[in-house]
K.L.:
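Got a structure here, written out as structure tokens. Questions coming.
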Amino acid sequence: MNDITVRGGRVLDPANGIDAVADVIVRDGVIAEVGKAAKAPGDVIDASGLVVCPGFVDVHAHLREPGFEHKETVETGTRAAARGGFTTVCAMPNTEPPTDSAGAVEFVLRTAAAKGVVRVLPIGCVTKGRAGHDLAELAELSAAGAVAFSDDGAPVADAALMRRALEYAGMLQTPVIDHAEEPALAAGGVMHEGWVSTRLGLRGVPAAAEESFVARDIALAQATGSRVHLAHVSTAGSVELVRAAKARGAPVTAEVTPHHLALTHEAVLTGPTEGGALAYDTNAKVNPPLRTPEDVAACVAGLLDGTIDCIATDHAPHATQDKLCEFDAAAMGISGLETALALSLTAIPLEAAVERLTAAPAATLGLERHVPGIGSLSKGAPGDVAIIDPEGEWTVEPETFASLGKNTPLTGRTLKGRVVATVYAGKVVHDAR
Ligand code: DOR
């Protein structure tokens, strides 16, 4: 295998506390050295003036295969990941069939090995068929390679079942990823419950739908001693609950999406329209919904003070027909892999963003156990590198996305933060030099 030398960039490797101009040498697919290369072996990527960091790790993405290949496939989703600087994506199990058996986990791994351009780590279901009635065979899923359990897209509504899931997952030292949404409070809701939903005449999802389940699942994590990871935290109240829980030493971690760090419910109102009409922008319809400016500020503060551990995209690609319809009927989700860095940089500083996209997510899900060195540029770590231009401006044009999901509320927006190249296991998988 060829060597690659990424030469002369500002190396940011938060796992090792490195922030210095250096060369990164990748040999035989792994990190060989970070330092001053006497001579640059192999192919040279000139990174002067750019930032060089570990490939990003996404603990929450929907790749849709099997079952929804018209929305995304493992191939297109991992290409989107590479364009976004991601070299690892954890694949959510709300496929058809869902990832609730060893065979289904193996399908994801085999498809990724055959078609994927970056690493895919499968997440298994908590309950059989994601139906919320019977626990899936968690030990079997774990043995097959599932790195976490989740019924994401839906909560585990039955608290006793969630407790049982945490007990078993704890024995397997595998986190349960919690889609915190109280079903009765959220029923029929299509956006955040607030003044915008009132103005548009749409049914809202109150903040309490999330917060009541965040509180429930923190209590269950404490009762069982097993770790719960809260997906896509979106409200100030949730951030406060997690902050207090962590202060008590509760085994809880949390993630936030770039869109919840940067957009508010007003995006539903102000999407692209003609003649000043109200937008009803279905591309801003997402679960949990975009919230208020106060919620956004709390998520940003929580991410910066360590209450929220990491950024996760919740990449949720949908087909055009799933979004080009009445607001109530539209699918929920934002295609997020290709805008994650730039959108995050609108909210938090570069150094924090790189940490929350690399070392932090790897540590949050304990991925080191599955992939030693992941999320770092340590010697011997996977040769996964993102080369970025934090000042580089670009305009979001979904038709250029590698993802089949063109569903973004950011169309036409000019953002700062460009992924110049991505190296996965010593191979260039994205090159926009
Ligand atoms: O907006 C969302 N879309 N939220 C979820 O929890 C699921 C996801 C999807 O699968 O489309």
Side-chain angles (χ1 to χ4, degrees), residues 58-74 76-77 80 89-100 108 122-123 125-127 129-130 132 148-157 176-183 185-187 189-192 202 204-205 209-210 213-214 217 229-235 238 254-261 263 265 267-268 281-291 312-323 325 327-337 339-340 343 403-410:
D58 189 6
V59 298
H60 189 150
H62 297 272
L63 299 183
R64 306 295 192 207
E65 189 176 358
F68 302 103
E69 290 85 352
H70 62 295
K71 294 177 191 268
E72 192 79 292
T73 65
V74 168
T76 57
V89 287
C90 298
M92 276 296 173
N94 60 338
T95 49
E96 189 52 50
T99 317
D100 67 352
V108 175
I123 297 169
C125 296
V126 175
T127 67
R130 293 177 61 251
F149 307 116
S150 184
D151 277 359
D152 182 67
V156 178
V176 173
I177 304 179
D178 185 16
H179 175 109
E181 180 182 13
E182 203 290 315
L185 281 174
V190 294
M191 68 172 299
H192 174 67
L202 294 171
V205 179
E210 175 173 312
F213 262 34
V214 166
D217 292 330
H229 174 68
L230 299 163
H232 43 52
V233 161
S234 72
T235 79
S238 295
E255 70 188 34
V256 62
T257 71
H259 46 272
H260 290 108
L261 289 174
L263 302 173
H265 57 163
V268 178
D281 185 3
T282 57
N283 285 318
K285 181 178 177 183
V286 62
N287 188 19
L290 300 172
R291 305 277 190 186
T313 67
D314 194 5
H315 175 70
H318 288 291
T320 305
Q321 65 267 29
D322 302 326
K323 287 288 193 180
C325 56
F327 200 90
D328 280 340
M332 301 196 189
I334 291 174
S335 182
L337 282 167
T339 54
L343 200 53
S403 173
L404 298 182
K406 313 300 180 191
N407 50 302
T408 173
L410 301 171

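Below, all heavy atoms of this structure are taken into account, side chains as well, without hydrogens, waters or symmetry copies. Read the numbers this way: they start at 1 and go in the same order the structure lists the ligands and their atoms.
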K.L.:
Pick one of side chain, backbone, both or neither for how Asn94 approaches ligand 1, counting any non-hydrogen atom pair under 4.0 Å.
P.N.:
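Looking at Asn94 and ligand 1, just side chain atoms fall under 4.0 Å.
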
K.L.:
Ligand 1 versus Arg64, non-hydrogen atoms closer than 4.0 Å: side chain, backbone, both, neither?
P.N.:
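Arg64 to ligand 1: side-chain contact only, backbone stays beyond 4.0 Å.
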
K.L.:
Is the closest heavy atom of Ile334 to ligand 1 under 4.0 Å?
P.N.:
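So Ile334 does not count as touching ligand 1.
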
K.L.:
Any idea which part of Met92 is under 4.0 Å from ligand 1, heavy-atom wise: side chain, backbone, both or neither?
P.N.:
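None of Met92 does.
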
K.L.:
Supply the atom-to-atom distance Lys285 NZ to Thr282 OG1, rounded to the nearest 0.5 angstrom.
P.N.:
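It comes to 8.5 Å.
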
K.L.:
Any idea which atoms of ligand 1 are less than 4.0 Å away from a heavy-atom of Ala316?
P.N.:
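Near Ala316, the atoms of ligand 1 are 3 (N), 8 (C), 9 (C), 11 (O).
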
K.L.:
Examine the side chains of Arg291 and Ser234 and answer whether a donor and an acceptor come within less than 3.5 Å of each other.
P.N.:
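There is such a pair between these side chains.
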
K.L.:
Evaluate the ring planes of His265 and His192, with Trp represented by its six-membered ring, and classify them as parallel (under 30°), tilted (30 to 60°) or perpendicular (over 60°).
P.N.:
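The rings of His265 and His192 stand perpendicular, inter-plane angle above 60°.
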
K.L.:
Of all the atoms in ligand 1, which lie at a distance below 4.0 Å from a heavy atom belonging to Asp314?
P.N.:
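So the atoms of ligand 1 that pass are 4 (N).
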
K.L.:
Suppose we measure from atom 6 (O) of ligand 1 to each protein heavy atom; which comes out shortest, and what is that distance?
P.N.:
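Protein heavy atom at minimum distance: His179 CE1, 3.2 Å.
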
K.L.:
Taking atom types as modelled and ignoring hydrogens, do the side chains of Thr73 and Glu69 form a donor-acceptor contact shorter than 3.5 angstrom?
P.N.:
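Absent: no donor and acceptor within the cut-off.
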
K.L.:
So if I count the atoms of ligand 1 from 1 in the order they appear, which ones are less than 4.0 Å from some heavy atom of His232?
P.N.:
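That gives atoms 6 (O) of ligand 1.
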
K.L.:
For the CG atom of Leu63 and the NE2 atom of His315, what is their distance to the nearest 0.5 Å?
P.N.:
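Here the rounded value is 6.5 Å.
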
K.L.:
Closest non-hydrogen protein atom to atom 3 (N) of ligand 1, residue and atom name please, with distance?
P.N.:
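Ranked first by proximity to atom 3 (N) of ligand 1 is Met332 O, 3.0 Å.
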
K.L.:
Which ligand 1 atoms are under 4.0 Å away from a heavy-atom of Asp152?
P.N.:
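Those qualifying, in numeric order: 6 (O).
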
K.L.:
Is the backbone of Ala180 close enough, under 3.5 Å, to the side chain of Glu210 for a donor and an acceptor to pair up by distance?
P.N.:
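No, the answer is negative, given that no donor and acceptor are paired below the 3.5 Å cut-off.
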
K.L.:
Is there a donor in the side chain of Asp314 and an acceptor in the side chain of His259, or the other way round, less than 3.5 Å apart?
P.N.:
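On atom types as modelled, these side chains do not qualify, holding no pair under 3.5 Å.
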
K.L.:
Looking at non-hydrogen atoms alone, which of Asn407, Asn287, Val286, Thr95 comes nearest to atom 5 (C) of ligand 1?
P.N.:
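Comparing heavy atoms across Asn407, Asn287, Val286, Thr95, the nearest one to atom 5 (C) of ligand 1 lies in Asn287.
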
K.L.:
Can you name the atoms of ligand 1, numbered from 1 with element, that are less than 4.0 Å from a heavy atom of His318?
P.N.:
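Selected atoms, number and element: 11 (O).
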
K.L.:
With side chains defined as the heavy atoms from C-beta onward, is the minimum distance between Leu202 and Asp328 less than 4.5 Å?
P.N.:
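A side-chain contact exists here, since the closest heavy-atom pair is under 4.5 Å.
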
